[in-house]
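The structure appears below as structure tokens.
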Amino acid sequence: MEESVGAVLDGMEQLSDEARSYLSVLNSEQLEAVVHEGSPLLILAGAGSGKTRVITTKIAYLIGERGIDPHQILAVTFTKKAANEMQQRAVSLEPRAQYSQIRTFHSFGAWFLRLYAEYAGIDPNFTVYDDDDTVSLLQKACPKLTKQQTNHFIHEISLAKDYCYTSSSQELDEIDSDPEFRIVYEAYEKRLRQTGNVDFGDLIMLPYLVLRDVEYVRQKLLARFKVIMVDEYQDSNVAQFLLLQQLSGVQEGFAACSANPDGIYVCVVGDDDQSIYKFRGAEIKNILNFKDRFPGTKIIRLEKNYRSTAEILGIADNVVRHNHGRLGKTLHAEKGNGKQPVLAFLPNQDEEADFCGDLIKLSHEKMGIPYGDWAILYRTNAQSLTFESNFLHRKIPYQIVGSLKFYEREEIKDMLAFLSLIANPRDEVAFRRIVNKPARGIGATTQEKIIDRSRLALLADESSADGAAPAEGAAPASFNLVQTSRAMLNELSKKAREGMTAFIEVFDEIEKKLAAPGDGIPGSSPENLPGEVPEKLSALIELIAEKSGLKEYHASQDEIAGSQKVANLQELANSAVPYDLSRNGLLEFLDHIELDRTIETEDGEEDSDRVTLITLHNTKGLEFSRVIMTGMELGLFPRADKNEEEMEEERRLCYVGITRAKDELYLTSCAMRRMYGRTDYMAASPFLIEIGKENVKVLGHPPANFRASTSRNGDYGARGLSHPDTESDPIKRKYSRGKRLYHDDWGYGVIVKTSESDDGEYCISVQFENGGVKRFLPKYQEKSLMITDD
DNA sequence: CCCGTCGTTATTTTT
DNA sequence: TAACGACGGG
């Protein structure tokens, strides 16, 4: 294969030396994908097949060798992390790639909307509401709704936007035919426009609507981007598909195809077997039907896996091949053979944690395997608890990925609310959050009064506006919660007035700082002196923390709860260092924060050697040398209530988990599990049966459904040669002659002799599969030994 | 406004 | 089980 790559490259005479060098490291399919042009392209990239390398090389190649202007390239991903990595790797191959738009879908949407806000009927200074904020807003917009109803409707609204259904769309009934839904959706939209905010769904839906309906904008965009690439395409939702369709001009024949090879080139990369976000709106049909929606599509499969051993890929395939709706792919392990995966059946979750702890700790102590090599995967966050307490107790260092989120922390949300209110003084949710924090005596009643008055002012402005008024939805400047508060001071109660005066003072001081970056002192020169170091946005955050009382407030919380709130505030300030101290800098920063919830692991101990505890969903895109997939039980993974379609998604999730492992894979399954206060007997996960017992080393006692599934079941439940049921010592009973066992250091063996040591301790001799006979005192080896039959 | 108690309810979650 | 939200008393 590699010869043919060389031959292809030799045939490409005008290649630059750089290109020749970055192309020569590709395999033939990767190369084909990189140099392909002239029609839409779907790259089906299996796990670990080097897809990021292909995309980034393709960007470099298009710029360096095909004369594409980097400004004309748009590459979108789903996570900021992926976007950053793509950007970085593309630039390292081709510096001009820095001028390309390499962004997340949502940040592209934000970029677009800031340019064309007027066409979308929104304020160009909009800030983005996260899910919590939208719930707060709807609660205020429709106070009659119970909290539960509010959550429910917010979910449905977000779902509707995933399909680009507006509150007046006919198809809205598909989401919820209750007529109240439409009314609530409408009220929510109205309020959202009044506050000058957008939600995540808007960042996709509004650009789509503008492109669809505004000819001028569509022409501009069609002329702007000539190459569009989408990564992780299997995770795209309908709205993102519609947006891509608009950008590609496929309906009007601007897309590259055999009839028009110079059209807009669309290249999507993904893996239908790794589509695991249906519950969040991802539409696997997007990738399954891509070739129908983009006529003339070329499909290239990347099936060479450079990550995992053949054994690991083999069982991954055993699982995923049970799915029906697939484009089909068979991964080949370039790494060759490795260790056989281990499947351990354990009595309960405590022993499961012990098993994992033993495995990790012993391999660390005896073989120097770093803790960082290990990842423990589970289906639900709640499962992490047992591992945490176990590891804490045994001093095994670990990190939990994705549970406590930086941006969801109280102190961070407080600070962001303050910043949002400065950026957008109509932001009602932000106003409510910080106007009385720390407590200033501005209670709910006062807040209500001020917001009602502001909205009245807005409505009055709207009704008096003539035809020349700003585009519909863009509210006039008089809607300003802080200004309204100031104007209403003497209508407030004494306590509220004092508190509000203090709050306004703080706010004014901050505004001044923003207007005159030289310093915060009123009346000083606003000009920047030559040679003066321009201040950073971080200075603003530090000032707010100080003056607003938030720092003091959270410091006292830290003392009580031993938390890190003040440190987190500082961390947030640090992350603002790259931004200018200006309104524009502030908007950029808020976009960055709001659209990138994966804040760089702020612990600072990130480099230290630790086991990773992580949900299966969170592992996508990651890899670990040694992986333990835990809780492989029916009812937990997969959950019991799955229909066939959902079952396929669970199966893909299992596939994702397995293919994270590079060298070693362990699966654990418990006979009993405590869940929701009850202890249930668990059956083995059907995925374990699909894997096949002949493909793994089985330890422990499999549940009946697993035993029944195997052809070779004589070994399980077989009794040892001598079995003193009369033996009263549990240790002696457990480690009796003839028992098979597994020792973490020595592997598999059978107890050939039992005896007593000099000081009268029970002692066993074990014949190991590959090695001699060892003598143990089982009492002291409980952690390393596991009986594999009974 | 803070604290305790009772009742409810339990997936997965980029942006 | 345990964690979180709602509610009521001080």
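The chains referred to below are lettered A, B, ... by the order of the sequence lines, with proteins before strands, and numbering in each begins at 1. Quantities reported herein were computed from a predicted structural model and do not represent experimental measurements.
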Checklist entry - Quick one: is A:S107 getting a side-chain N or O under 4.0 Å of the B:dT15 phosphate, OP1 or OP2? => result no
Checklist outcome for this item: Quick note, A:F279 side chain, CB onward, closest among B:dT13, B:dA10, B:dT9 is B:dT13
Next on the checklist: Centre-to-centre under 6.0 Å for A:F105 and A:F78, is that the case here?
Outcome noted: yes
Item to check | Distance test, side-chain N/O of A:N381 to OP1/OP2 of B:dT13, below 4.0 Å | outcome: yes
Next on the checklist: Regarding A:R674, tell me which of base, sugar-phosphate or nothing describes its non-hydrogen contacts under 4.0 Å with the strands shown.
Outcome noted: nothing
Item to check | For atom CD1 of A:I614 and atom P of B:dT12, their distance in whole Å | outcome: 14 Å
Item to check | Among C:dA3, B:dT11, B:dT15, the one nearest A:L385 by side-chain distance | outcome: C:dA3
Next on the checklist: Can you identify which nucleotide, out of B:dC1, B:dT12, B:dT15, has its nearest atom closest to the A:T615 side chain?
Outcome noted: B:dT12
Next on the checklist: Once you apply a heavy-atom cut-off of 4.0 Å, does A:K147 come out as touching a base, just sugar-phosphate, or nothing?
Outcome noted: sugar-phosphate
Checklist entry - What is the nucleic acid contact for A:D162, judged by heavy atoms within less than 4.0 Å: base, sugar-phosphate only, or nothing? => result nothing
Checklist entry - For A:Y129, which of A:V135, A:N197, A:V198, A:D202 qualifies under side-chain contact (heavy atoms from CB on, under 4.5 Å)? => result A:N197
Checklist entry - When we call it a touch if two heavy atoms are under 4.0 Å apart, what does A:A82 touch: a base, just sugar-phosphate, or nothing? => result nothing
Next on the checklist: Measuring from the side chain of A:D131 (C-beta onward, heavy atoms only), which nucleotide among B:dT15, B:dT13, B:dA10 has the closest atom?
Outcome noted: B:dT15
Checklist entry - Are A:N618 and A:T615 close enough that a side-chain donor and a side-chain acceptor fall under 3.5 Å? => result yes
Checklist entry - Side chain of A:A439: nearest nucleotide among B:dC1, B:dT15, B:dT12? => result B:dC1
Next on the checklist: Would you say A:N237 places a side-chain N or O within less than 4.0 Å of OP1 or OP2 belonging to B:dT14?
Outcome noted: no
Next on the checklist: Determine whether the aromatic ring centres of residues A:F279 and A:H617 are separated by less than 6.0 angstrom.
Outcome noted: yes
Checklist outcome for this item: Considering only heavy side-chain atoms of A:E650, the closest of B:dT11, B:dT14, B:dT15 is B:dT11
Checklist outcome for this item: Per atom distances to the A:T380 side chain, the nearest of B:dT12, B:dT15, B:dC1 is B:dT12
Next on the checklist: Using the C1' atom as the point on both nucleotides, what is the distance between B:dT11 and C:dA6, in whole Å?
Outcome noted: 24 Å
Checklist outcome for this item: With the side chain defined as heavy atoms from C-beta on, A:N618 is closest, among B:dT13, B:dT9, B:dT15, to B:dT13
Next on the checklist: Whether the A:D354 and A:N390 side chains hold a donor-acceptor pair (N or O, under 3.5 Å, no angle test) is what I'd like checked.
Outcome noted: yes
